[in-house]
Engineer: 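Following this message is one structure expressed as structure tokens.
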Amino acid sequence: MRFSRVALAGLAHVVPDEVVTSEEIEGRLAPLYGRLRLPPGRLELMSGIRERRFFPAGARPSDISIRSAGLAMKRAFEQTGVARGDIRALVHGSVCRDFLEPATACRVHHELGLPADCLAYDLSNACLGVLTGAAQIAALIELGQIKAGVVVGTELGRGLVDNTIARLNADETLTRESIKLSVASLTIGSASAAMVLCDRDLAPGSPAVTAATAHAATEHHRLCQSEGLAEVMQTDSERLMRAGVEAGAATFERFLTDTGWRREDVAKTVCHQVGSAHRKMMLERLGLSPERDYATVGWLGNTGSAALPSALSLAAEEGWWAPGQRVGLLGIGSGVNCLMMSLA
């Protein structure tokens, strides 16, 4: 997909205050660690994640999404003049949602005071939900169907981490080998992110969204599966990492064709934030420099669909990238699905 009319008008993130270290999680896993004689420090060593953050217990995804989307819209208005009355699509793209029905987007739409003739719906695509929502809004803008839209997502990791700890401590049949399917669940954190996209005529000085490249390697769909939104997740982390890297490499070659870029043209990258080993392997496989990639996984953990856009927002806030630079958003999610987008 190529775009000539789409700009990124507003970008925002909300990061929780409560910090939970990998050391604390291992302390809560003392019964399991003692039973299997596991050395402390194993979780951070394997994942590269020293800590993650959680929103307050009882928080709903919509509570936080209202904040991050509202902030992105405020920034869009201040920077470009795009107002809430211009928004004609709201996509809520996280794995976590208030309930299965109605769409979480309904409450977010209501609380933000968006127009009645605005699309409002949830989108589910694992860790690619927010990025997929951005691609859908970009397509609507490119077609001239709408002038502006907002995509938002909030992931709440507390429930999955707590349930995983309880299950691992209670199951005395587990072995050093079988617990590997649950390690990824212990790396999950919480975050929220939102993006406002609009027609470039409304925001001529904003970063242009120029292309999106999708790739489906769905033969690997069994490698990461979740039952319920915060109950049980089983992940074959090693096989998923390798399958994701190979799918990412195939996607990136097409991405370069779609954008007309060469590798050396890519000034900055933001990858999906899974773990340090995944990041290192992915960048090496794609032939990209880690110095040009912005990482948050060490202190935020894996925040699902919010990981990449929140990292992009944090990087913008720090002045790490700026409009006019060529930025690659390299999304990879379980399924295995890939979606890469370009900013210029």
Engineer: Trp261 and Leu339: same hydrophobic cluster, using ILVMFWY side-chain contacts below 4.5 Å?
Structural biologist: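 They do not share one cluster, since no chain of ILVMFWY contacts under 4.5 Å joins Trp261 to Leu339.
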Engineer: Is the shortest side-chain N to carboxylate O distance from Asp162 to Arg28 below 4.0 Å?
Structural biologist: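 Salt bridge: yes.
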Engineer: Answer with yes or no whether the hydrophobic clustering places Val327 together with Val130; edges join I, L, V, M, F, W, Y residues whose side-chain heavy atoms lie under 4.5 Å apart.
Structural biologist: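 In one cluster with Val327: Val130, yes.
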Engineer: Quick one: which of Thr210, Ile141, Ile137 gives a side-chain contact (heavy atoms from CB on, under 4.5 Å) with Val6?
Structural biologist: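 The side-chain contact (heavy atoms from CB on, under 4.5 Å) with Val6 is passed solely by Ile141 among Thr210, Ile141, Ile137.
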Engineer: For the residue pair Arg107 and Ser62, confirm or rule out a side-chain donor-acceptor distance under 3.5 Å.
Structural biologist: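 There is such a pair between these side chains.
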Engineer: With side-chain contact (heavy atoms from CB on, under 4.5 Å) as the test, would you mind laying out the steps for Leu186 and Leu168 before giving the verdict?
Structural biologist: CA-CA 11 Å; Leu186 300 173; Leu168 291 177; 4.2 Å; yes
Engineer: With side-chain contact (heavy atoms from CB on, under 4.5 Å) as the criterion, how do Arg2 and Asp258 come out once you've worked through the C-alpha distance, each side chain's angles and the decisive distance to 0.1 Å?
Structural biologist: CA-CA 7 Å; Arg2 295 182 179 88; Asp258 289 345; 3.7 Å; yes
Engineer: So, does Glu253 use its side chain to make a donor-acceptor pair with the main chain of Ala250 at under 3.5 Å?
Structural biologist: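 The answer is no, because no donor-acceptor pair under 3.5 Å joins these two groups.
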Engineer: Report yes or no: do Ile49 and Leu38 belong to one cluster of Ile/Leu/Val/Met/Phe/Trp/Tyr joined by side chain heavy-atom distances under 4.5 Å?
Structural biologist: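 Result: no, two separate clusters.
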Engineer: Can a salt bridge be assigned to the pair Glu246 and Arg285 using a cut-off of 4.0 Å between side-chain N and carboxylate O?
Structural biologist: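 Yes.
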Engineer: About how many Å separate OG of Ser276 and CD of Glu44, when rounded to the nearest 0.5 Å?
Structural biologist: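 That separation rounds to 9.0 Å.
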Engineer: Strictly distance-based, threshold 3.5 Å: is any side-chain N or O of His215 a donor or acceptor partner for the main-chain N or O of Phe252?
Structural biologist: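 Not a single qualifying donor-acceptor pair exists.
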Engineer: Please enumerate all residues that pass side chain to side chain donor-acceptor pair (under 3.5 Å) together with Ser313, with sequence neighbours excluded.
Structural biologist: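 Residues passing side chain to side chain donor-acceptor pair (under 3.5 Å) with Ser313: His13.
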Engineer: Quick one: pull up CG in Leu119 and CD in Gln145 and give me the separation to the nearest 0.5 Å.
Structural biologist: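 Reported value, rounded in 0.5 Å steps: 9.5 Å.
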Engineer: Answer yes if the side chains of Ser185 and Ser182 hold a donor-acceptor pair under 3.5 Å, and no otherwise.
Structural biologist: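 Checked: Ser185/Ser182 side chains show no N/O donor-acceptor pair below 3.5 Å.
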Engineer: Between OG1 of Thr164 and CD1 of Ile179, what distance do you get to the nearest 0.5 Å?
Structural biologist: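 Result: 12.0 Å between the selected atoms.
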Engineer: Does a side-chain N-to-carboxylate-O contact under 4.0 Å join Glu284 and Lys280?
Structural biologist: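 Between Lys280 and Glu284 there is a salt bridge, with a charged N closer than 4.0 Å to a carboxylate O.
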Engineer: State whether a side-chain donor-acceptor pair under 3.5 Å links Tyr121 with Gln136.
Structural biologist: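 Distance-only check passes for Tyr121 and Gln136.
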Engineer: Measure across His109 and Pro115 and return the closest heavy-atom pair with its distance rounded to 0.1 Å.
Structural biologist: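 Minimum heavy-atom contact is NE2-O, 2.8 Å.
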Engineer: Which atom pair, heavy atoms only, marks the closest approach of Cys338 to Thr251?
Structural biologist: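 Heavy atoms of Cys338 and Thr251 come nearest at CB-OG1, 3.2 Å.
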Engineer: For Ser178, is there any backbone N or O sitting under 3.5 Å from a side-chain donor or acceptor partner on Thr175?
Structural biologist: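 Checked: pair present.
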Engineer: Give the C-alpha distance, both sets of side-chain angles, the deciding distance and a yes or no for side-chain contact (heavy atoms from CB on, under 4.5 Å) between Leu343 and Leu312.
Structural biologist: CA-CA 11 Å; Leu343 301 177; Leu312 181 68; 4.1 Å; yes
Engineer: How close do Ser68 and Ser192 get, heavy atom to heavy atom, and via which atoms?
Structural biologist: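 Nearest pair, atom of Ser68 first, then Ser192: OG-OG, 2.6 Å.
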Engineer: Is there a donor-acceptor pair under 3.5 Å between the side chain of Arg263 and the backbone N or O of Leu256?
Structural biologist: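 Flag not set: sc Arg263 to bb Leu256 has no pair under 3.5 Å.
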Engineer: Using 0.5 Å steps for rounding, measure from the CD atom of Glu291 to the NZ atom of Lys268.
Structural biologist: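 Between Glu291 CD and Lys268 NZ, I get 10.5 Å after rounding to 0.5 Å.
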Engineer: So, the side chain of Thr21 versus the backbone of Arg50: is there a donor-acceptor pair under 3.5 Å, distance only?
Structural biologist: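 No: the side chain of Thr21 does not pair with the backbone of Arg50.
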Engineer: Consider only side-chain heavy atoms of I, L, V, M, F, W and Y, link residues closer than 4.5 Å, and tell whether Leu300 and Leu308 are in one cluster.
Structural biologist: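 Yes, same cluster.
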Engineer: Does the side chain of Ser334 reach to within under 4.5 Å of the side chain of His221, using non-hydrogen atoms?
Structural biologist: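 Counting from C-beta outward, Ser334 and His221 never come under 4.5 Å.
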Engineer: So, taking the atom named SG in Cys271 and the one named CG in Leu288, what distance separates them when rounded to the nearest 0.5 Å?
Structural biologist: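 Nearest 0.5 Å value for the SG-CG distance: 7.5 Å.
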Engineer: I'd like to know if the side chain of Thr80 reaches the main chain of Phe77, judged simply by a donor and an acceptor atom lying under 3.5 Å from each other, with no hydrogens or angles considered.
Structural biologist: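 It does not hold such a pair.
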Engineer: Can you tell if the side chain of Val152 reaches within under 4.5 Å of the side chain of Leu90, non-hydrogen atoms only?
Structural biologist: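 With C-beta onward as the side chain, the pair touches.
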Engineer: Any salt bridge between Glu142 and Arg200, counting N to O under 4.0 Å?
Structural biologist: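 Salt bridge: no.
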Engineer: Could Asp199 and Lys147 be called an ion pair, given the rule that one side-chain N must be under 4.0 Å from one carboxylate O?
Structural biologist: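 Yes, charged N to carboxylate O under 4.0 Å.
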Engineer: Between Arg67 and Leu71, is there a side-chain heavy-atom distance shorter than 4.5 Å?
Structural biologist: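 Answer no - side chains too far apart.
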Engineer: Check whether Val161 and Val274 end up in the same hydrophobic cluster, where Ile, Leu, Val, Met, Phe, Trp and Tyr are linked by side-chain heavy atoms less than 4.5 Å apart.
Structural biologist: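 Result: no, two separate clusters.
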Engineer: Within a reach of under 6.0 Å around CD of Glu78, are more than 12 heavy atoms found that belong to other residues, nucleotides or ligands?
Structural biologist: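 Yes - once you tally the heavy atoms of other residues, nucleotides and ligands closer than 6.0 Å, there are more than 12.
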Engineer: May I ask you to decide if Leu11's main-chain N or O and Arg75's side chain share a donor-acceptor pair within less than 3.5 Å?
Structural biologist: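 Answer holds: yes.
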Engineer: Any chance you could lay out the side-chain contact (heavy atoms from CB on, under 4.5 Å) test for Tyr294 and Trp321, step after step, and finish with the verdict?
Structural biologist: CA-CA 10 Å; Tyr294 189 87; Trp321 71 276; over 6 Å; no
Engineer: What I want to check is whether the side chains of Asn302 and Thr187 have a donor and an acceptor closer together than 3.5 Å.
Structural biologist: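 No pair is found: no donor N or O on one side chain lies under 3.5 Å from an acceptor on the other.
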Engineer: Check this for me: does any side-chain nitrogen of one of Arg158 and Glu18 sit under 4.0 Å from a carboxylate oxygen of the other?
Structural biologist: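 Answer for the salt bridge query: yes.
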Engineer: Got a sec: does the CZ of Arg176 have more than 12 other heavy atoms crowding it under 6.0 Å?
Structural biologist: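 Correct, the count exceeds 12.
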Engineer: Could you state the interatomic distance from CD1 (Ile332) to CG (Leu330), rounded to the nearest 0.5 Å?
Structural biologist: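 Ile332 atom CD1 to Leu330 atom CG measures 7.5 Å (nearest 0.5 Å).
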Engineer: Looking at His278 and Gly275, would you say the former's side chain and the latter's main chain have a donor-acceptor pair under 3.5 Å?
Structural biologist: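 It does not hold such a pair.
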Engineer: Nearest heavy-atom pair of Met1 and Ala135: which atoms, and what distance?
Structural biologist: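 Looks like CE-CB, 4.5 Å.
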Engineer: Is the CZ atom of Arg35 crowded by more than 12 outside heavy atoms at less than 6.0 Å?
Structural biologist: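 Counting neighbours around CZ of Arg35, more than 12 heavy atoms of other residues, nucleotides or ligands fall under 6.0 Å, so yes.
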Engineer: Can you check whether Val20's main-chain N or O pairs, donor with acceptor, with Arg52's side chain at less than 3.5 Å?
Structural biologist: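 Confirmed, Arg52 side chain pairs with Val20 backbone.
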Engineer: Any sub-3.5 Å donor-acceptor pair from Ser94's side-chain atoms to Thr154's backbone N or O?
Structural biologist: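 Present.
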Engineer: Strictly below 4.0 Å, N to O, side chains only: are Arg88 and Asp117 in salt-bridge contact?
Structural biologist: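 Here Arg88 pairs with Asp117 in a salt bridge, since their nearest N and O are under 4.0 Å apart.
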Engineer: Can you name the nearest heavy-atom pair linking Gly189 to Phe54, along with the distance?
Structural biologist: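 Nearest pair, atom of Gly189 first, then Phe54: CA-CE2, 4.3 Å.
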Engineer: Is a donor from one side chain sitting under 3.5 angstrom from an acceptor on the other, for Ser305 and Glu155?
Structural biologist: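 Yes, Glu155 and Ser305 have a side-chain donor paired with an acceptor closer than 3.5 Å.
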